[in-house]
> 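I am attaching a structure below and will ask some questions about it afterwards.
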Amino acid sequence: MNRKNALLFVAILLIGGLATLQYLRRSYEYKSNQFLMDTLVTITVHGKDETQLKQAVTEAYTEMHRIADLADGFPQPGTAAYNSSDVCRINQQAGKQPVRVDRDTIEMLLLAKKYNRLSDGAFDVTIGPVMELWGFGGKNPHVPPADKLREALKLVDSGNLEVNETEQTAFLRKTGMKLDLGAMAKGYATEKALQVIKKHGIQKAMIDAGGNIRVLGSNLQGKPWRIGIKDPRKSDGIVAVLPLENSSAVTSGDYYRYFEAGGKRYHHILDPRTGYPATNSMSVTAVTRDAGLADILSTVFFVLSPGNALDLARTMAGVELFLVSADGHIRHTPPLLSRLEVKPGESYRYDQGR
Ligand code: ADP
Ligand code: MG
């Protein structure tokens with residue numbers, strides 16, 4: 001070996017050693033919680049650079065807050081929060097004039113209109129006036145008088161929500177109409193936050209926004225993340241375990257937000273055809289890559305009958321559905337059969353899906 005080759009040999013050894021050290025440096029898990037959009041949001045990220053992980057999570061939360069502020073329907077008029085909410089500004093100008101809004105608001109509203117059509121009206125973000133009558137947003141929810149419900153229902157129609165992409169404006173045609181993005185904003189914000197994390201070069205992450213789950217890559221052990229689907233009647237139980245990789249699972253249930261009156265349970269997901277809570281299912285989980293779409297679909301499938309929901313899910317590429325129907329049957333789309341671990345216990349019936 002001449003001198004030049006010997007030097008080269010040492011250099012290669014050194015570089016190889018450094019690369020191995022770098023490889024062996026341990027992976028960190030960084031986890032952080034924030035109360036956001038009326039729920040506890042937990043972000044977990046894995047990677048080797050702790051500073052980068054923290055920075056990514058901070059930016060992800062900032063992005064979630066931004067979407068939350070645009071979609072917030074509750075601030076009082078005159079406040080800064082009211083003026084920075086596109087939903088409030090659109091509602092205020094209902095029947096008057098179009099309002100210029102953020103690009104993300106346009107995107108959410110276009111999605112809302114699309115899935116309103118696809119679900120034959122089961123999903124409708126103009127449900128605002130009816131939601132308000134039930135008072136689910138406030139401290140004192142109650143069953144509204146039937147005549148008032150009928151009146152409010154006349155205002156519910158996504159066909160009267162105009163979205164102008166080129167002007168970047170939105171307009172509710174009738175006075176009294178009100179947007180409510182409660183069924184989709186959390187999922188949309190979750191997806192945007194995940195994209196922020198991804199841009200930082202992070203390959204393993206999970207966002208849990210109160211049952212809206214989005215995962216990036218696999219877990220620290222290189223296996224799919226394992227998601228428990230809650231038992232809709234036992235708060236500490238689960239009915240299934242779903243392995244999830246690069247995808248999202250969003251559950252809509254009748255047990256998240258409800259009150260009881262006259263021995264009946266009234267919850268916050270309404271059937272826009274009746275104005276009353278949808279009664280077909282106790283719990284519905286939509287599984288698809290995009291958390292925004294999964295959130296929309298969880299509500300769509302919750303309002304539809306289980307049969308119609310399963311039929312619709314089957315026509316959608318990359319979409320799976322798991323549900324517990326009102327009569328206690330566990331059903332799901334066929335491809336989930338090989339992935340799911342179903343635990344029906346004594347409370348539910350499971351005949352391998354159908
Ligand atoms: P969660 O809020 O528990 O995540 P969902 O995603 O199903 O559950 O959203 C429920 C919210 O969606 C309600 O609080 C209300 O704001 C709104 N909403 C209720 N019924 C409908 C409907 N049929 N279509 C669209 N939005 C709805
Ligand atoms: Mg939803």
Side-chain angles (χ1 to χ4, degrees), residues 36-41 64 67-68 71-74 85 87-88 91 108-109 111-138 141 144 149 152-153 155-159 161 177-191 207-214 229-230 232 248-259 266-288 290-305 308-309 319 321 323:
L36 224 158
M37 300 180 109
D38 239 6
T39 196
L40 185 71
V41 178
M64 283 191 99
I67 305 293
D72 192 351
F74 294 110
S85 159
V87 164
C88 288
N91 290 348
M108 281 190 268
L109 296 179
L111 282 167
K113 284 177 72 72
K114 175 177 172 188
Y115 287 94
N116 172 260
R117 286 189 300 268
L118 258 165
S119 68
D120 228 351
F123 183 83
D124 201 321
V125 293
T126 66
I127 196 81
V130 182
M131 275 306 282
E132 212 168 75
L133 279 183
W134 284 90
F136 279 108
L149 268 183
L153 265 180
L155 293 167
V156 179
D157 179 4
S158 283
L161 163 62
M177 281 181 82
K178 274 200 171 104
L179 283 179
D180 177 340
L181 297 185
M184 64 181 297
K186 224 190 309 166
Y188 188 88
T190 301
E191 187 61 35
I207 303 180
D208 179 351
N212 287 27
I213 311 271
R214 173 64 157 102
I229 298 177
K230 283 208 176 88
S248 83
V250 173
T251 300
S252 281
D254 66 2
Y255 55 93
Y256 281 115
R257 195 172 293 171
Y258 68 93
F259 66 93
Y266 296 96
H267 62 81
H268 69 140
I269 307 169
L270 304 177
D271 185 336
R273 285 160 288 202
T274 64
Y276 286 88
T279 54
N280 289 315
S281 294
M282 296 190 226
S283 157
V284 158
T285 305
V287 185
T288 192
D290 184 292
L293 180 57
D295 195 8
I296 292 174
L297 291 178
S298 73
T299 310
V300 167
F301 295 148
F302 189 94
V303 176
L304 294 176
S305 72
N308 286 346
V319 171
L321 164 61
L323 64 86

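In listed order, ligands and their atoms are each counted from 1. Not measured: the values here are computed from a predicted model.
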> Just to be sure I read this right, does ligand 1 sit under 4.0 Å from the backbone of Met131, its side chain, both, or neither, counting only heavy atoms?
side chain

> Ligand 1 and Tyr256, any nitrogen or oxygen pair closer than 3.5 angstrom?
no

> Please give me the minimum heavy-atom distance between Gly210 and Asp208, naming the atom from each residue.
N-OD1, 3.3 Å

> Run through Ser298, Ser281, Ser283 and flag the one making a side-chain hydrogen bond (donor to acceptor under 3.5 Å, both in side chains) with Ser252.
Ser298

> Considering heavy atoms of the protein only, find what lies nearest to atom 10 (C) of ligand 1 and give residue, atom and distance to 0.1 Å.
His268 CE1, 3.5 Å

> Quick one: which of Thr126, Asp124, Ile127 has a heavy atom closest to atom 18 (N) of ligand 1?
Ile127

> Taking all non-hydrogen atoms of both residues into account, name the closest pair between Leu270 and Gly275 and its distance.
CD2-O, 4.0 Å

> Counting the benzene-type ring for Trp, do Phe136 and Phe259 have ring centres under 6.0 Å apart?
yes

> Provide the closest heavy-atom pair for Ala185 versus Ala71 in the form atom of the first, atom of the second, distance.
CB-CB, 3.7 Å

> So which heavy atom in the protein is nearest atom 4 (O) of ligand 1, and how far is it from that ligand atom?
Lys186 NZ, 3.1 Å

> Using a strict cut-off of 4.0 Å, indicate which atoms of ligand 1 neighbour a heavy atom of Pro272.
23 (N)

> Just verifying a value: how many Å separate Ile127 CD1 and Asp271 CG, rounded to the nearest 0.5 Å?
8.0 Å

> Which protein heavy atom lies closest to atom 20 (N) of ligand 1, and at what distance to 0.1 Å?
Leu270 N, 3.0 Å

> Pull out every atom of ligand 1 sitting under 4.0 Å from any heavy atom of Ser252, numbered as shown with elements.
5 (P), 6 (O), 7 (O), 8 (O)

> Contact between Phe136 and ligand 1, counting heavy atoms under 4.0 Å?
no

> Counting only nitrogen or oxygen atoms and a 3.5 angstrom limit, does Asp180 reach ligand 1?
yes

> With no hydrogens and no angle check, just 3.5 Å: does a side-chain donor-acceptor pair link Asp124 and Ser158?
yes

> Nearest protein heavy-atom contact for atom 26 (N) of ligand 1: which residue, which atom, what distance?
Ala183 CB, 3.3 Å

> First locate atom CG of Leu297, then atom OG1 of Thr285, and finally report the distance between them rounded to the nearest 0.5 Å.
12.0 Å

> So do Ile269 and Tyr256 actually touch side chain to side chain, heavy atoms under 4.5 Å?
no

> Show which atoms of ligand 1 fall inside a sub-4.0 Å distance from at least one heavy-atom site of Asp295.
6 (O)

> Have a look around the Mg ion (ligand 2) and list protein N/O/S atoms under 2.8 Å, or say none.
Ala183 O, Asp295 O, Asp295 OD1, Thr299 OG1

> Contact between ligand 1 and Ala122 is defined here as a heavy atom of the residue under 4.0 Å from a ligand atom; is it met?
yes

> Does ligand 1 come near enough to Asp271 that some N or O of the ligand is less than 3.5 Å from an N or O of the residue?
no

